[in-house]
Amino acid sequence: MAECDMSGSCCTPATPASPMEPVRFVARGTHTIEQVDLPGGEFQMGDATGDGNWGDGEGPVHPVVLSPFSIDATSVTTTDFAAFADATGYRTEAEEYAFSAVFHLALAAGPEDVMGPAAGTPWWVGVRGADWRHPGGALSAAEADHPVVHVSWNDAVAYCSWAGRRLPTEAEWEYASRGGLDGARYPWGDDLPEGAWPVNIWQGVFPAENTLADGYLTTAPVRTFAPNAYGLWQTVGNVWEWCSDWYAPDYYAYSPSADPRGPLRGTGRVLRGGSFLCHDSYCNRYRNSARSSNTPDSSMANGGFRTVSL
């Protein structure tokens, strides 16, 4: 197989640059996801446990004060996104590019559609025909109650415009994920409990063997694991979630304390929460404070989003 030229991190491979402009819509859709109303207030943002990845910019820990907002209890599902796409005829960037990144063990495509591995991360494979309706390739079909994947930041913003919503800021996302537990690693506390898994991540030897101890190779339905104390389901693990902010690793050093919106410019947009591919041997980003980023036009099989009120 030829090598597929996709740059990016081990977590979220990037799509080559494209002149395609994001499509925007006058809000006219119906967003049906259950909402969680959060009062806002002050919290401590950043990595307080020393688990942060070098270069990600999870520190310094700093106080942030947020205004009240409402946030989706779950990630946007395939069903939710289908209502938007069917109503508007919108085509995602993966559909326009005619390929997207698929994890190698989840391939569901003929050999003629497999473009080859990503440079430096051979577990990611470029696959023609992989998109939100076909997450593993042309021979797969998306499941209704799973998070929509293979959506770029631009695609998520287009959905938000149609639905009268917006993407959360990075600060809003972390505040909501913490569920009131300042400084905790995870939405439920500091430790992974023994017994039943509370999160959809990788078990086994990455990237070749997954024991499926949590029950899933790829995405899980959005209400599979227990919600946090605020009533949000699966903010960590399962899928990375786009935020509105541009990404900068040094942003916390100069971030304003009140309703921060991220840097004024950048090349990548923030992703939060980790995914079903997270494993401590290479990526422990299934934590409240963990950060990643990708270019706004990139899509992948482990990337989705949730929305907040305008």
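Since this is a predicted model, take the numbers as computed values, not measurements.
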Please confirm whether the backbone N or O of [Y] pairs with a side-chain atom of [X], one donor and one acceptor, at under 3.5 Å?
| X | Y | result |
| --- | --- | --- |
| Asn228 | Gly231 | yes |
| Glu172 | Thr169 | yes |
| Tyr252 | Gly59 | no |
| Glu143 | Ala141 | no |
| Asp214 | Ile201 | yes |
| Asn284 | His279 | no |
| Asp72 | Ile33 | no |
| Asp245 | Tyr247 | no |
| Trp188 | Asp191 | yes |
| Thr79 | Ala144 | yes |

Testing Tyr286, Phe103, Tyr216 one by one against Trp202 for a ring-ring contact (aromatic ring centres under 6.0 Å, His included), which residue passes?
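Of all the options given, the one that passes is Phe103.
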Before you tell me yes or no, could you show the steps for Asn288 and Val236 under side-chain contact (heavy atoms from CB on, under 4.5 Å), namely the whole-Å CA-CA distance, both residues' side-chain angles and the distance that decides it to 0.1 Å?
CA-CA 7 Å; Asn288 290 321; Val236 301; 4.3 Å; yes
Checking side-chain contact (heavy atoms from CB on, under 4.5 Å) for the pair Asp182/Tyr175: CA distance, chi angles, key distance, verdict?
CA-CA 9 Å; Asp182 254 15; Tyr175 173 79; over 6 Å; no
Is [Y] paired with [X] through a side-chain N to carboxylate O contact shorter than 4.0 Å?
| X | Y | answer |
| --- | --- | --- |
| Arg185 | Asp51 | yes |
| Arg287 | Glu58 | yes |
| Asp250 | Arg291 | no |
| Asp131 | Arg91 | no |

Indicate yes or no: at least one non-hydrogen side-chain atom of [X] is less than 4.5 angstrom from one of [Y].
| X | Y | value |
| --- | --- | --- |
| Asp80 | Thr32 | yes |
| Ser244 | Pro168 | no |
| Ser70 | Val308 | no |

Report, as yes or no, whether the 6.0 Å neighbourhood of atom CG on Leu264 holds more than 12 heavy atoms from other residues, nucleotides or ligands.
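No.
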Hydrophobic cluster membership, with links at side-chain heavy-atom distances under 4.5 Å among I/L/V/M/F/W/Y: are [X] and [Y] in one?
| X | Y | value |
| --- | --- | --- |
| Trp173 | Trp153 | no |
| Trp132 | Trp162 | yes |
| Leu232 | Val199 | no |

Passing candidate, salt bridge (Lys or Arg N to Asp or Glu O under 4.0 Å) with Arg285, options Asp47, Asp280, Asp56:
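That would be Asp56.
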Take the angle between the ring planes of Trp123 and Phe206 and call it parallel below 30°, perpendicular above 60°, tilted in between.
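Answer is perpendicular, since the angle exceeds 60°.
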Test side-chain contact (heavy atoms from CB on, under 4.5 Å) on Val36 and Leu38; report intermediate values, then the result.
CA-CA 6 Å; Val36 175; Leu38 298 180; 3.7 Å; yes
Hey, are [Y] and [X] close enough side-chain-wise for a donor-acceptor pair under 3.5 Å?
| X | Y | result |
| --- | --- | --- |
| Glu174 | Ser177 | no |
| His146 | Thr219 | yes |
| Asn154 | Ser152 | no |

Looking only at heavy atoms, what is the nearest atom pair of [X] and [Y], with distance?
| X | Y | value |
| --- | --- | --- |
| Gln234 | Thr224 | OE1-N, 2.8 Å |
| Arg178 | Gly46 | NH2-O, 3.0 Å |
| Ser140 | Pro135 | OG-N, 3.3 Å |

Axial cation check for Trp246 ring with Arg269, 6.0 Å and 45° limits:
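Yes.
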Partner of Thr307 by side-chain hydrogen bond (donor to acceptor under 3.5 Å, both in side chains), out of His31, Glu241, Arg166:
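Exactly one candidate clears the test, His31.
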Ser299 and His150: side-chain hydrogen bond (donor to acceptor under 3.5 Å, both in side chains), yes or no, with the steps?
CA-CA 5 Å; Ser299 64; His150 294 292; 4.6 Å; no
Between Arg223 and Glu34, is a salt bridge (Lys or Arg N to Asp or Glu O under 4.0 Å) present by the stated rule, with each step listed?
CA-CA 12 Å; Arg223 294 178 183 264; Glu34 176 191 353; 2.8 Å; yes
Kindly indicate, with the supporting measurements, whether the criterion ring pair (Phe, Tyr, Trp, His ring centres under 6.0 Å) is fulfilled by Phe305 and Tyr159.
CA-CA 10 Å; Phe305 68 104; Tyr159 174 92; 5.5 Å; yes
From CA spacing to verdict: side-chain contact (heavy atoms from CB on, under 4.5 Å), Phe225, Asn200
CA-CA 8 Å; Phe225 301 92; Asn200 179 16; 3.6 Å; yes
